[in-house]
Amino acid sequence: MAASAKVWSDPVTQFASDVRAGLCGKGQKELPSKYLYDPLGFALFEVITQLPEYGLTRADERLLRSHAQEIVRHVPSPALVSELGSGSGRKTRWILSAMCEREPVSYYPIEISRAALASCAAELGDVGCAGIVGVEREYLDGLGEVAALRTGGASLLVLFLGSTIGNFDSGADARFLREVRSILAPGDSLLLGADLLKPLERMLDAYDDPLGVTAAFNLNLLGRINRELDGDFDLRQFEHVARFNEATSSIEMHLRSKRRQVVNVRRGGFAAPFAADETVWTESSHKYTRREIAKLAVTCGFRMEAQWVDDEWPFAENLLVAV
Ligand code: AVJ
């Protein structure tokens, strides 16, 4: 039993089986967006956050910077801070510094990307009172671990920033938030960043920038398959596509095969056929309305304590409290 559990949890085996499932079935091909973030993908995403067309991360950071004191005032003291997908950690600085003005705080970033954890520890190492303990796990497993560490009457403040919630398929965002809620105790807080619906042109430019950084970020997923699974994708035979799906209110990223071709993934032991113009769906990024977030909060066992919206780039910071 131990042996099979070990084989299954091997990250390469898991990646190979997810790629096989995503590329070899009938119907729409798809790959889980979490695989976009290998070290190269993580670095490309960092560049995306600096593009003039991609206002999301700057809006998130502006809101946290301007309202950190106020946000923290809603959180019962003492509190542990944990973050689902810390990324570089840059935005988190404002919250941690505000927490530190009242008490020393332990911060538990949860990340599957080791590169992100390292960058996060380096970025936040100088925030005086914060002890940083990185947790290299999937979000819910990691959060369960952090919740088990709490002692006495400490509350938990969970950060889920950057609109990563929007990457779940429709319906899966609510399922995920309910799972988060089930790990929390009444009175714990969840600070949820969510990108808002905005004019179509603005959304498309953000996911198909003229420099081609987002295209590189997307294509890198095929490069990663080549590197880690000994694949033979010719990246020049695929192109980046960003489109808005009205029905789901999501920006979708796809990779379109420029011609009919067969790609071998040798370490996975399979080959994937592509028709000309067939796409692989690599990411959805749902765009919320303010009311939709409020409804989501309530159906998942939270109340909406407060909401802050950026003036330049429609994006909302939502403070939810577990009921
Ligand atoms: C990191 C989930 C916020 O959906 O906007 C950026 C990732 N994809 N450009 C997003 C992303 C393409 C991103 N999040």
Side-chain angles (χ1 to χ4, degrees), residues 30-64 83-92 109-113 115-117 119-120 138-139 159-170 172-173 176-177 191-198 200-224 239-245 248-256 279-288 293 310 313-318:
E30 55 186 298
L31 292 168
S33 60
K34 64 178 179 183
Y35 291 122
L36 291 163
Y37 301 90
D38 72 336
L40 183 50
F42 177 68
L44 288 166
F45 177 68
E46 284 303 299
V47 179
I48 290 175
T49 65
Q50 297 178 47
L51 294 171
E53 293 81 10
Y54 190 81
L56 191 157
T57 308
R58 285 184 298 278
D60 198 3
E61 192 180 350
R62 261 194 308 277
L63 288 167
L64 295 174
E83 180 165 11
L84 309 175
S86 58
S88 72
R90 202 182 318 114
K91 295 174 289 188
T92 312
I110 302 169
E111 260 292 350
I112 45 166
S113 158
L117 274 182
S119 135
C120 171
E138 297 277 344
Y139 294 156
L159 310 176
F160 195 26
L161 306 176
S163 205
T164 304
I165 184 76
N167 287 161
F168 292 101
D169 294 342
S170 42
D173 54 359
F176 181 78
L177 284 188
L191 184 63
L192 179 71
D195 201 24
L196 300 176
L197 194 62
K198 51 183 72 59
L200 184 61
E201 279 300 294
R202 237 179 146 189
M203 292 192 288
L204 289 174
D205 281 352
Y207 291 87
D208 193 5
D209 62 277
L211 275 178
V213 184
T214 308
F217 172 66
N218 197 8
L219 281 163
N220 175 58
L221 182 43
L222 305 182
R224 179 179 188 176
E239 67 185 355
H240 168 67
V241 178
R243 59 166 90 125
F244 187 67
N245 183 329
T248 60
S249 195
S250 301
I251 289 280
E252 294 179 1
M253 296 203 307
H254 292 253
L255 291 162
R256 179 194 287 137
T279 73
V280 185
W281 182 11
T282 52
E283 187 187 62
S284 315
S285 205
H286 183 72
K287 303 306 168 193
Y288 292 88
I293 303 166
D310 189 62
W313 178 276
F315 184 97
E317 223 65 82
N318 307 276

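Just so you know, ligand 1 is whichever comes first in the structure, and atom 1 is the first atom listed for that ligand. Residue numbers run from 1 in the order of the sequence given.
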_Nearest heavy atoms of Leu191 and Glu317, plus distance in Å_ = CD1-CG, 4.1 Å

_Ring centre gap for Phe217 and Tyr37 strictly below 6.0 Å_ = yes

*Give every residue pair that meets the side-chain hydrogen bond (donor to acceptor under 3.5 Å, both in side chains) criterion with at least one member in residues 45-57, sequence neighbours excluded.*
Glu46-Arg90

*Could you tell me which non-hydrogen atom of Tyr207 sits nearest to which non-hydrogen atom of His240, and how far apart they are?*
O-NE2, 2.8 Å

*asked:* If you compare all heavy atoms of Ala316 against all heavy atoms of Ile293, which two are closest, and at what distance to 0.1 Å?
replied: CB-CD1, 4.2 Å

Distances only, to 0.1 Å: what are the N or O pairs between ligand 1 and the protein that fall under 3.5 Å?
residue, atom, partner, partner atom, Å
ligand 1, 4 (O), Asn167, ND2, 3.4
ligand 1, 4 (O), Ser285, OG, 2.5
ligand 1, 5 (O), Tyr54, OH, 2.5
ligand 1, 5 (O), Tyr207, OH, 2.5
ligand 1, 8 (N), Glu283, OE1, 2.7
ligand 1, 8 (N), Glu283, OE2, 3.3

*For Asp60 and Trp313, does a side-chain donor sit closer than 3.5 Å to a side-chain acceptor?*
no

